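Numbers restart at 1 for each chain; the letters A, B, ... are given by sequence-line order, proteins then strands. Since this is a predicted model, take the numbers as computed values, not measurements.
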Amino acid sequence: DAGVTQSPTHLIKTRGQQVTLRCSPKSGHDTVSWYQQALGQGPQFIFQYYEEEERQRGNFPDRFSGHQFPNYSSELNVNALLLGDSALYLCASSLVKDWYYNEQFFGPGTRLTVL
Amino acid sequence: AQKVTQAQTEISVVEKEDVTLDCVYETRDTTYYLFWYKQPPSGELVFLIRRNSFDEQNEISGRYSWNFQKSTSSFNFTITASQVVDSAVYFCALGMNSGGGADGLTFGKGTHLIIQP
């Protein structure tokens with residue numbers, strides 16, 4: 001049973017560039033959430049996708065956008081990168097019909113460095 | 001708004017000592033979920049436990065135990081007879097359900113636990 005996978009593992013970009021991060025949810029899961037974890041901080045919720053639509057969003061600017069595909073995989077896009085966007089980006093998947101259990105499985109993350 | 005506070009930034013103990021990690025949460029909702037996650041140096045968050053707001057029973061799993069007290073809005077985590085492999089950053093998190101699926105989690109800032117041999 002494959003867990004949550006993310007690619008790439010590491011990424012280096014320069015200010016002003018755009019970046020796309022990818023996530024494949026745990027097998028059978030239909031909901032994907034993205035989190036940003038700055039160094040020494042806890043993860044912060046960016047947004048969540050279900051049925052190819054953004055279901056919920058945290059306090060992040062419009063430079064952060066996403067997409068969910070019919071196979072439930074997801075992308076996180078960040079435009080006009082800032083130095084402060086340097087962080088570990090975590091993807092988590094869950095099953096909407098199991099909301100009662102509220103269990104989210106996390107991937108290994110993508111480490112983004114903005115120079 | 002929800003908030004999770006982990007006041008202990010870093011804890012260092014000698015192996016075999018017991019250690020308690022504190023977590024205090026804030027929410028106006030009556031139905032919510034509390035979690036503990038472990039994050040080793042590799043970065044991946046490892047799920048440890050989930051507790052629902054209507055289930056205040058404490059739980060023990062091997063050397064791990066959790067104390068949930070709604071009266072003080074706390075969900076503390078105790079490791080008994082700590083081992084070097086327990087060294088990691090531990091996060092407490094709060095989750096809701098706004099109708100149709102689990103909401104994004106609100107995490108504390110984490111406690112870096114160092115177990116010295």
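The shortest side-chain heavy-atom distance between A/Leu88 and B/Gln39 falls under the 4.5 Å cut-off. Considering only heavy atoms from C-beta on, A/Phe106 stays 4.5 Å or farther from B/Val46 through its side chain.
Cluster membership for A/Val19 and A/Leu83, using ILVMFWY side-chain heavy atoms within less than 4.5 angstrom, is shared. Linking ILVMFWY side-chain heavy atoms closer than 4.5 Å, directly or via other members, places A/Ile46 and A/Val78 in a single hydrophobic cluster. Hydrophobic clustering (ILVMFWY, side-chain heavy atoms < 4.5 Å, transitive): B/Leu48 and B/Tyr32 are in one cluster.
Within 6.0 Å of CG on B/Asp55 lie more than 12 heavy atoms contributed by other residues, nucleotides or ligands. No more than 12 heavy atoms of other residues, nucleotides or ligands shown are found within 6.0 angstrom of CZ on A/Arg15. Counting non-hydrogen atoms of other residues, nucleotides and ligands closer than 6.0 Å to CD of B/Glu10 gives a total above 12. Environment of NZ in B/Lys16: sparse, with no more than 12 heavy atoms of neighbouring residues, nucleotides or ligands closer than 6.0 Å.
B/Leu45 CG to A/Phe105 CZ: the interatomic distance, rounded to the nearest 0.5 Å, is 13.0 Å. Atoms OH and CD, on B/Tyr33 and A/Gln104 in that order, are 11.5 Å from each other to the nearest 0.5 Å. Within the model, atoms CD of A/Gln48 and CG of B/Leu105 stand 9.0 Å from one another, a figure rounded to the nearest 0.5 Å.
The main-chain N or O of A/Gly109 is never found under 3.5 Å from a side-chain atom of B/Glu44 such that the two would form a donor-acceptor pair.
Of the two parts of A/Gln6, neither the backbone nor the side chain holds a non-hydrogen atom closer than 4.5 Å to a non-hydrogen atom of chain B. With a threshold of 4.5 angstrom between heavy atoms, B/Gln6 does not approach chain A through any atom at all.
For B/Phe107 and A/Tyr35, the gap between ring centers is short of 6.0 Å.
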